[in-house]
Number of protein chains: 2
Amino acid sequence: MGTTQLETVPEPKYWHLKTVLSEALDTEFTVGEILPNERDLAARFGVARATLRQALEQLELEGRLQRRRGVGTTVAPPRVGVAVGTEQHVWPGAAGDDWQPVDCALEVPPAAVAAALETGAEQNVHLVRRSRTTHGQPVAAELLYIAQSAVPDLSAIDAPAGAARARAVLRELQRLELEGQESAVELGSARADDARQLDRLPGAPVLVVTTRYIAEGRTAAVSVATYRADTCRLTFGDSGGVEIHQGPERRAS
Amino acid sequence: MGTTQLETVPEPKYWHLKTVLSEALDTEFTVGEILPNERDLAARFGVARATLRQALEQLELEGRLQRRRGVGTTVAPPRVGVAVGTEQHVWPGAAGDDWQPVDCALEVPPAAVAAALETGAEQNVHLVRRSRTTHGQPVAAELLYIAQSAVPDLSAIDAPAGAARARAVLRELQRLELEGQESAVELGSARADDARQLDRLPGAPVLVVTTRYIAEGRTAAVSVATYRADTCRLTFGDSGGVEIHQGPERRAS
DNA sequence: AAGTGGTCTAGACCACTGA
DNA sequence: CAGTGGTCTAGACCACTTG
């Protein structure tokens with residue numbers, strides 16, 4: 001029962017509930033442990049299930065919980081840091097990156113991508129699909145649009161389709177000199193296909209990283225990478241990231 | 001009525017609703033326009049208000065809508081790109097950044113920050129509060145922790161408190177040579193005080209950017225900046241960002 | 001005071017997982 | 001199959017903004 005303060009608080013119940021649960025997670029649970037089910041928890045705190053769910057949703061958004069339909073709610077491990085903007089710029093597909101080519105096709109890109117690539121409307125570009133995993137868990141799905149002019153030597157690309165063709169296109173890309181790259185991060189929600197790749201439900205919160213790769217003074221490729229927002233911390237800079245703000249939120253005074 | 005497909009779809013109503021609304025926003029509304037209120041909209045689509053709200057919540061998360069209690073729901077402008085990791089690293093408070101010092105105090109930092117700064121537990125550091133605005137709108141609130149050893153010359157800092165003291169501390173910081181910085185981005189939810197600064201309700205989704213500033217081989221300062229996730233696109237790189245993925249989500253095939 | 005979005009309830013049924 | 005989280009309903013009241 002949340003009998004701590006009940007009269008004088010204009011604070012929403014779900015907010016208070018979230019705080020209580022958050023503290024309980026720190027002190028009484030270990031990573032991977034299963035929580036009681038939502039109906040029991042709601043009853044225990046004397047609130048409707050919807051209210052309890054509102055608190056759980058926020059905790060999941062903050063990466064503290066993991067919920068899976070048909071299974072239950074578990075305590076999530078700390079977010080994993082994934083490097084997305086290394087100091088030394090490199091082409092996608094360079095040796096040592098942890099992306100897995102999935103597919104490759106010629107397609108008409110979305111208007112915004114077409115504008116960046118300076119291709120005409122309705123004009124095909126290479127579309128390479130890749131997925132990224134760390135520690136065996138899928139963390140990101142990517143759509144990589146490559147101007148046809150950036151990979152002109154199609155004769156070297158004989159694979160008709162699939163991952164083999166994707167690898168061939170990326171290999172050709174390495175021949176260009178990469179002059180720069182710039183990225184942007186924003187919040188989005190997973191489309192149905194991304195959600196499937198990321199092992200989440202559609203609409204799950206994701207961090208969308210769009211990157212322009214610049215060569216020969218033009219944008220040679222555009223990447224739209226979709227990262228699981230619940231499990232990932234995106235790091236920019238030289239090292240693999242610093243352990244700040246990863247766990248329970250503590251504040252000075 | 002959502003009479004389009006009703007029998008064979010296991011697609012959730014709110015998801016379908018979101019799609020319909022999203023298309024309507026593209027074609028029938030202009031930025032800043034007010035939508036009908038939630039009760040009317042729900043009735044118009046033949047769903048419960050809670051279901052309608054689930055769709056609106058997602059659209060707000062994606063930066064398509066803006067909702068304000070007591071006012072209404074409006075069509076949001078495209079997200080504004082804010083630069084958070086320039087190529088040439090600079091100290092916070094350097095000339096030309098668009099942060100506004102608010103406050104300054106000596107406080108014991110959270111454990112994770114203390115570890116990064118390599119200060120002992122319970123040891124005070126400078127805590128500078130700043131806020132960032134673009135186009136007159138508040139976009140971020142920052143807590144900037146600065147090791148006392150990084151600003152030893154306290155005699156130059158005579159302002160007792162407030163923004164003046166913050167500026168003085170930052171000015172002293174510029175004397176050090178900045179050797180590097182590294183950042184991480186993750187999803188969070190606004191605490192009560194951040195929410196007030198950002199003109200949002202507590203729990204609103206935010207992008208938390210934590211940055212380590214390195215000088216003399218040590219971490220001299222740590223910044224925890226909280227950006228409004230609904231209105232901001234964080235850009236990393238040389239330019240101010242590229243117009244990709246900013247608007248309605250269009251896809252090839 | 002009227003109208004808005006925000007919170008909350010007590011139910012119901014569905015989709016999925018695992019034994 | 002039983003148990004889980006996900007969706008949905010039809011109400012109610014509250015907090016806030018604006019005229």
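Chain letters run A, B, ... following the sequence lines, proteins first and then strands; every chain starts at 1.
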If you measure from the Lys or Arg side-chain nitrogens to the Asp or Glu carboxylate oxygens, is any gap between B:Asp40 and B:Arg49 under 4.0 Å? no
Under-4.0 Å salt bridge between B:Glu107 and B:Arg129: yes
Find the bend of the helix from C:dA1-D:dT18 to C:dG18-D:dC1 as the angle between its two terminal axes (five pairs each), to the nearest 10°. 20°
Is A:Asn37 near enough to D:dT4 that one of its side-chain N or O atoms lies under 4.0 angstrom from OP1 or OP2? yes
Compute whether any side-chain donor of one residue and acceptor of the other, for A:Ser183 and A:Thr211, lie under 3.5 angstrom apart. yes
Kindly say whether A:Val47 contributes a backbone atom to a donor-acceptor pair with the side chain of A:Thr51 at under 3.5 angstrom? no
To the nearest Å, give me how far apart CZ (A:Arg53) and P (D:dT4) are. 14 Å
Checking all strands, does A:Leu201 fall into the base, sugar-phosphate, or nothing category for heavy-atom contacts under 4.0 angstrom? sugar-phosphate
Indicate yes or no for a side-chain donor-acceptor contact from B:Glu28 to the backbone of B:Leu25 under 3.5 Å, with no hydrogens or angles considered. no
Salt bridge flag under 4.0 Å for residues B:Arg67 and B:Asp230: no
Salt-bridge contact A:Arg53-A:Glu57 (side-chain N to carboxylate O under 4.0 Å): yes
I'd like to know if A:Arg132 and A:Glu142 make a salt bridge, using a cut-off of under 4.0 Å between side-chain N and carboxylate O. no
Name the residue closer to the 5' end of DNA chain D, choosing between A:Arg200 and B:Arg49 according to the nucleotide with the nearest heavy atom. A:Arg200
Identify each atom pair where a protein N or O and an N or O of nucleotides 15-18 of chain D are less than 3.5 Å apart, giving names and distance.
from   : atom 1 : to      : atom 2 : distance (Å)
D:dA15 : O4'    : B:Arg69 : NH1    : 3.3

In plain terms, say whether B:Asp199 and B:Arg68 are close enough for a salt bridge, that is, a side-chain N and a carboxylate O under 4.0 Å apart. yes
Taking only Lys NZ, Arg NE, NH1 and NH2, and the carboxylate oxygens of Asp or Glu, determine whether B:Arg64 and B:Glu23 approach each other closer than 4.0 Å. no
Salt bridge check: are B:Arg191 and B:Asp194 linked by an N-O gap of less than 4.0 Å? yes
Contact nearer the 5' end of DNA chain C, comparing A:Trp15 with B:Glu38: B:Glu38
Contact boundaries on DNA chain C for chain B, cut-off under 4.0 Å to non-hydrogen atoms: C:dG3 to C:dT7
